[in-house]
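What's counted below: heavy atoms across the whole structure, side chains too, no hydrogens, waters or symmetry copies. Letters A, B, ... mirror the listed sequences (proteins, then strands); counts begin at 1.
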There are 2 protein chains.
Amino acid sequence: MAKRVLGELCSEALPDEHRLDTAVHIKHLQAGDCLFSAEEQHPNVYFIRNGMIKMVYETMDGNAWIKAFSEEGKFFASLMALEPGGKTSFSTYAVCDTTVEQLPYKVLIELANSHPVWQKVLRRAFEIYGFKKETREKELLTLSPEERYVRFIKDREELAGRLTDRDIASYIRVTPVALCRIKRRVRDMGTLIYCIDDRGENHEN
Amino acid sequence: MAKRVLGELCSEALPDEHRLDTAVHIKHLQAGDCLFSAEEQHPNVYFIRNGMIKMVYETMDGNAWIKAFSEEGKFFASLMALEPGGKTSFSTYAVCDTTVEQLPYKVLIELANSHPVWQKVLRRAFEIYGFKKETREKELLTLSPEERYVRFIKDREELAGRLTDRDIASYIRVTPVALCRIKRRVRDMGTLIYCIDDRGENHEN
DNA sequence: ACAATAAATTAACCCAGGTTAACGACAACA
DNA sequence: TGTTGTCGTTAACCTGGGTTAATTTATTGT
């Protein structure tokens, strides 16, 4: 079980894997439930068995911006919270009914310290995390909200289909109202492009 | 020498350290020089001996947005370029005259595979990288341009002092013109706050 | 010291996203 | 069946950043 969840990282059997089974704590969440809140100490790594989790930064002025989504089969954690004494800067909520496996980071560190293979798996996990964050950073820096929306819908179609527009807006980093306008614009542009493709000229205006 | 550069990660002596010295390639750059360009294969890790490097995303419409700065004593790499066959999505330039040590990632992987301590050092490096990216992501998602500017100037005063406003703007993710307006606003607000602090009331308007 | 180039500032105009509010669609629930 | 509440959509207005261009202020080079 813990093994299945490691699939993203490593296909071989790993030493002392049973230690995971004893350390893992299963949690069932209903849609909207909070997994953990910002400012808490949460030195844990989570594996999503099924469902979906959203990680959100809540600002003082009452806004909430979604940092990332994590689906079944994926793992996640708050890096800040993994540091000794560190605290999460974001909260996590279940997007729909969700089951997660919670594993104290300490256990992974111990495994890593006694088995080089585990150290490697851990390193690989951070590599993947950094990779994703690098991508997100690039999107936030180089794309307009509209471009971010189009790419999100295209690249993560299945995921987007399970979300409310509200959450999509929050991830795109735009208000729900703005997302509506963007959707309309994209829709109109869509028919525009259709016209051009179809007749070879633009029939709008 | 390679040892000094690892200071950020590990204080103890590491096995086979001499392999670094033979694999490291020193590069001297003048202000403005390009270290490597986007779309290149660059499976290397860089340590900055002195000077400063900026990592920049160059968009198709001719814009350039600075992803991050790296100063002396720090290391950096393009995670995408470290993946087998991967390519950088950003370019790097020297902000001022700069000396870097270039190390093939392959060497680090080999060291990591033969020595658990090295595996750990590598893991720690990715931890730190993810940590920084998490912070940057939070700033981009939750702060306004003005807030990003104020925080940048406050948190990284020394670094900011060595940059042109142009580069600061590019990091804040606004145009140089917008940065000017922001600076003026902040300046005015500064005197405003001064008034309030000093006399207990607001003398503007 | 002066010319040439780049960087920073300011003004004017445009536009996309933020904000508030109103309305219709839909689901959950008594 | 009606009520309540949430979600998506639209309209109206406001604001701050983008854009262009002109001007002033550093920097550089000779």
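For the OP1/OP2 pair of D/dG16 and a distance below 4.0 Å, the side-chain nitrogens and oxygens of B/Arg173 include no atom meeting the criterion. In terms of phosphate contacts, A/Lys183 brings no side-chain nitrogen or oxygen within less than 4.0 Å of OP1 or OP2 of D/dG8. For D/dT15, neither phosphate oxygen OP1 nor OP2 lies less than 4.0 angstrom from any side-chain nitrogen or oxygen of B/Arg185. In this structure, B/Thr175 reaches the D/dG18 phosphate: one of its side-chain N or O atoms is under 4.0 Å from OP1 or OP2. Residue B/Arg184 places no side-chain N or O under 4.0 Å from the OP1 or OP2 atom of C/dT9.
In this structure, of C/dG18, D/dG18, D/dT9, it is C/dG18 that holds the atom nearest to the side chain of A/Val174. For A/Thr164, counting side-chain heavy atoms from C-beta on, the closest listed nucleotide (D/dT10, C/dG17, D/dG8) is D/dG8. Counting only heavy atoms from C-beta on, A/Val177 has its side chain closest to C/dT19 among D/dG8, C/dT19, C/dG17. Here the nucleotide nearest the side chain of A/Arg166, chosen from C/dA11, D/dC7, C/dG17, is D/dC7.
Distance B/Arg181 CZ to C/dA11 P: 11 Å, rounded to the nearest Å. What separates CG of B/Leu179 from P of D/dG16 is a distance of 16 Å, to the nearest Å. One atom, CD1 of A/Ile172, and another, C1' of C/dG17, lie 14 Å apart when rounded to the nearest Å. In this entry the distance linking CG of B/Leu163 with C1' of D/dT27 reads 17 Å, nearest Å. Remark: P of D/dG17 and CG of B/Asn63 are 16 Å apart, rounded to the nearest angstrom. For the pair B/Glu146 CD and D/dT15 P, the computed distance is 15 Å after rounding to whole Å. To the nearest angstrom, P of C/dA25 lies 17 Å from CG of A/Asp165. Distance CG (A/Leu143) to C1' (C/dG17): 17 Å, rounded to an integer number of Å.
A/Gly85 and A/Gln41 get closest at one heavy-atom pair: O-NE2, 3.3 Å. Minimum heavy-atom separation, A/Val174 to A/Leu179: CG1-N, 3.8 Å.
A cation-pi arrangement is absent between A/Lys67 and A/Tyr57 under the rule of less than 6.0 angstrom and at most 45 degrees off the ring axis.
In the helix from C/dA1-D/dT30 to C/dA30-D/dT1, the terminal helix axes, each the rotation mapping four pairs' C1' atoms onto the next four within five end pairs, subtend 50°, rounded to 10°.
Proximity of the aromatic rings of B/Tyr93 and B/Phe36 is defined here by a centroid distance below 6.0 angstrom, and this criterion is not met. Centroid-to-centroid, the aromatic rings of A/Tyr171 and A/Phe69 come within less than 6.0 Å.
Annotation for B/Arg173: atom CZ counts as buried by contact number, over 12 foreign heavy atoms lying within 6.0 Å.
A/Thr88 and A/Glu40 share no donor-acceptor pair across their side chains, judged by distance under 3.5 Å alone.
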